[in-house]
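Count residues from 1 along the sequence.
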Amino acid sequence: MKIHIDEGKCVGGGQCVVASPDVFDQRDEDGVAFLLVDDPGPELHASVREAALLCPALAIEVDG
């Protein structure tokens with residue numbers, strides 16, 4: 001699974017962190033999401049897909 005966050009689109013809503021806290025976090029200074037894990041294991045795939053669906057800015061792309 002490959003994950004890409006478009007930082008320019010991210011509005012800091014934090015839904016990705018709520019859905020998948022082992023994969024996503026937010027920068028303190030501006031709230032923009034970033035990845036904690038570049039290639040999450042299969043046990044995290046469902047939560048990553050949920051995070052992408054919940055993102056209000058559609059800033060998360062998931063491949064795989």
Side-chain angles (χ1 to χ4, degrees):
M1 169 178 274
K2 298 294 180 192
I3 308 163
H4 173 74
I5 300 173
D6 184 336
E7 292 185 7
K9 284 185 177 179
C10 181
V11 296
Q15 296 303 308
C16 57
V17 178
V18 172
S20 192
D22 292 329
V23 178
F24 298 95
D25 202 353
Q26 291 176 275
R27 295 190 303 229
D28 290 334
E29 62 272 10
D30 58 8
V32 171
F34 66 91
L35 294 174
L36 296 171
V37 180
D38 290 331
D39 189 14
E43 70 280 1
L44 296 172
H45 288 188
S47 68
V48 169
R49 287 189 183 95
E50 181 180 4
L53 289 173
L54 292 174
C55 178
L58 303 174
I60 301 170
E61 294 180 24
V62 178
D63 183 28

Exercise. Grab the two heavy atoms, one from G31 and one from C10, that are nearest each other, plus how far apart they are.
Key: O-SG, 4.3 Å
Self-check item: Residue pairs fulfilling salt bridge (charged side-chain N to carboxylate O under 4.0 Å, His left out) with at least one residue in residues 37-63, sequence neighbours excluded
Solution: none
Quiz prompt | Set of residues satisfying side chain to side chain contact (heavy atoms under 4.5 Å, CB included) with respect to P21, sequence neighbours excluded | solution = none
Quiz item: What residues join L54 in its hydrophobic cluster, counting side-chain heavy atom gaps under 4.5 Å, either direct or through other members?
Solution: none
Practice problem: Sorted by first residue and then second, give each salt bridge (charged side-chain N to carboxylate O under 4.0 Å, His left out) pair with at least one member in residues 9-25; sequence neighbours left out. | Solution: none
Quiz item: So, for Q15 and P56, which heavy atoms are closest and what is the spacing to 0.1 Å?
Solution: CG-CD, 4.3 Å
Quiz item: Apart from F34 itself, what residues make up its hydrophobic cluster when side-chain heavy atoms of I, L, V, M, F, W and Y under 4.5 Å apart count as a link, directly or indirectly?
Solution: L36, V37
Quiz item: What residue pairs, at least two apart or across chains, pass salt bridge (charged side-chain N to carboxylate O under 4.0 Å, His left out) with a residue in residues 27-37?
Solution: E7-R27, R27-E29, R27-D30
Quiz item: In the hydrophobic clustering (ILVMFWY, side-chain contacts below 4.5 Å, transitive), which residues join L35, or is it alone?
Solution: M1, I3, I5, V17, V23, F24, L44, V48, I60, V62
